[in-house]
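In what follows, a structure is listed as structure tokens, so that the remarks can point back to it.
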Amino acid sequence: MAERERLICAASDLPEAGKGVRFELTRCGQPQPAFVVRYGGQPRAFLNQCGHVPVELDWQEGEFFDHSRLYLICSVHGALYHPASGHCVGGRCAGRGLSPVPVVERDGQVYVLETA
Ligand code: FES
């Protein structure tokens, strides 16, 4: 299957450990909510679905980081995820991490890689 890139946002829309950008991804013909944040200088994207209960993480649109700005947090029960890998690092996710989504940054733009 061929991969294609789809523009999500400008690179400048993603401050380090700051507000993220929500977008939709199509998987198996179904729309899936996803998001991208910047961490460690790189865009990091995941399906917007908690490992505890399959709900979206952000309590206010685009707010995915906890107060320390070190972890992604689920707004419902506070599960914590590592922003580089999506691995569960604490709380009710109980080892179930976020699903990574491939993204690339090029020429000041951030793109999601989708399978056509
Ligand atoms: S639904 Fe996310 S921690 Fe419970």
Side-chain angles (χ1 to χ4, degrees):
M1 283 191 175
E3 271 191 346
R4 67 183 173 94
E5 296 180 356
R6 183 167 55 84
L7 179 65
I8 303 173
C9 62
S12 60
D13 291 339
L14 298 176
E16 178 70 22
K19 195 168 179 178
V21 172
R22 295 166 52 101
F23 62 97
E24 243 180 31
L25 189 68
T26 302
R27 286 219 168 148
C28 301
Q30 297 295 317
Q32 298 272 312
F35 67 95
V36 60
V37 294
R38 183 177 301 281
Y39 179 79
Q42 301 293 318
R44 317 280 182 164
F46 303 95
L47 291 184
N48 194 359
Q49 187 175 83
C50 185
H52 176 217
V53 174
V55 298
E56 297 182 13
L57 275 68
D58 47 335
W59 58 281
Q60 285 190 340
E61 184 169 329
E63 298 292 349
F64 295 99
F65 279 96
D66 70 347
H67 288 299
S68 73
R69 317 310 279 179
L70 294 174
Y71 302 107
L72 304 174
I73 187 167
C74 175
S75 62
V76 180
H77 305 115
L80 296 173
Y81 300 93
H82 197 284
S85 63
H87 291 161
C88 170
V89 294
R92 296 192 187 181
C93 41
R96 294 178 300 272
L98 301 176
S99 299
V101 172
V103 289
V104 294
E105 182 174 345
R106 190 179 61 252
D107 301 329
Q109 308 283 357
V110 177
Y111 301 86
V112 61
L113 300 177
E114 292 184 311
T115 305

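No experiment lies behind these values; they were computed from the predicted model shown. We count ligands from 1, going down the list as the structure has it; atoms in each ligand are counted the same way.
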(request) Please determine if atom 4 (Fe) of ligand 1 has an N/O/S atom from His52 lying under 2.8 Å away. (result) yes
(request) State whether the SG distance for the cysteine pair Cys93/Cys50 is less than 2.5 Å. (result) no
(message) Using the rule given for salt bridge (charged side-chain N to carboxylate O under 4.0 Å, His left out), can you reason through Arg22 versus Glu56, listing the C-alpha separation, both sets of side-chain angles and the distance that settles it, and then say yes or no?
(response) CA-CA 10 Å; Arg22 295 166 52 101; Glu56 297 182 13; 2.7 Å; yes
(message) Which atom name would you report as the N, O or S atom of His77 nearest atom 4 (Fe) of ligand 1?
(response) ND1
(request) Specify whether an N/O/S atom of Cys93 falls short of 2.8 Å from atom 2 (Fe) of ligand 1. (result) no
(request) For Cys50, take its heavy atoms, then give the atoms of ligand 1 lying under 4.0 Å from any of them. (result) 1 (S), 2 (Fe), 3 (S)
(request) Looking only at non-hydrogen atoms, find the nearest pair between Leu72 and Val37 and report the distance. (result) CD2-CG2, 4.2 Å
(message) Using modelled atom types and a 3.5 Å cut-off, is there a donor and acceptor pairing between side-chain atoms of Arg38 and backbone atoms of Leu14?
(response) yes
(request) Quick one: look at Val55 and ligand 1, take heavy-atom pairs under 4.0 Å, and tell me if it's side chain, backbone, both or neither. (result) side chain
(request) Measure from the ring center of Phe64 to the ring center of Phe35 and say whether it is less than 6.0 Å. (result) yes
(request) Enumerate the atoms of ligand 1 whose separation from the nearest heavy atom of Ala79 is less than 4.0 angstrom. (result) 3 (S)
(request) Could you tell me which non-hydrogen atom of Lys19 sits nearest to which non-hydrogen atom of Arg69, and how far apart they are? (result) N-NH2, 4.3 Å
(message) Using a 4.0 Å cutoff against the non-hydrogen atoms of Cys74, which atoms of ligand 1 qualify?
(response) 1 (S), 2 (Fe), 3 (S)
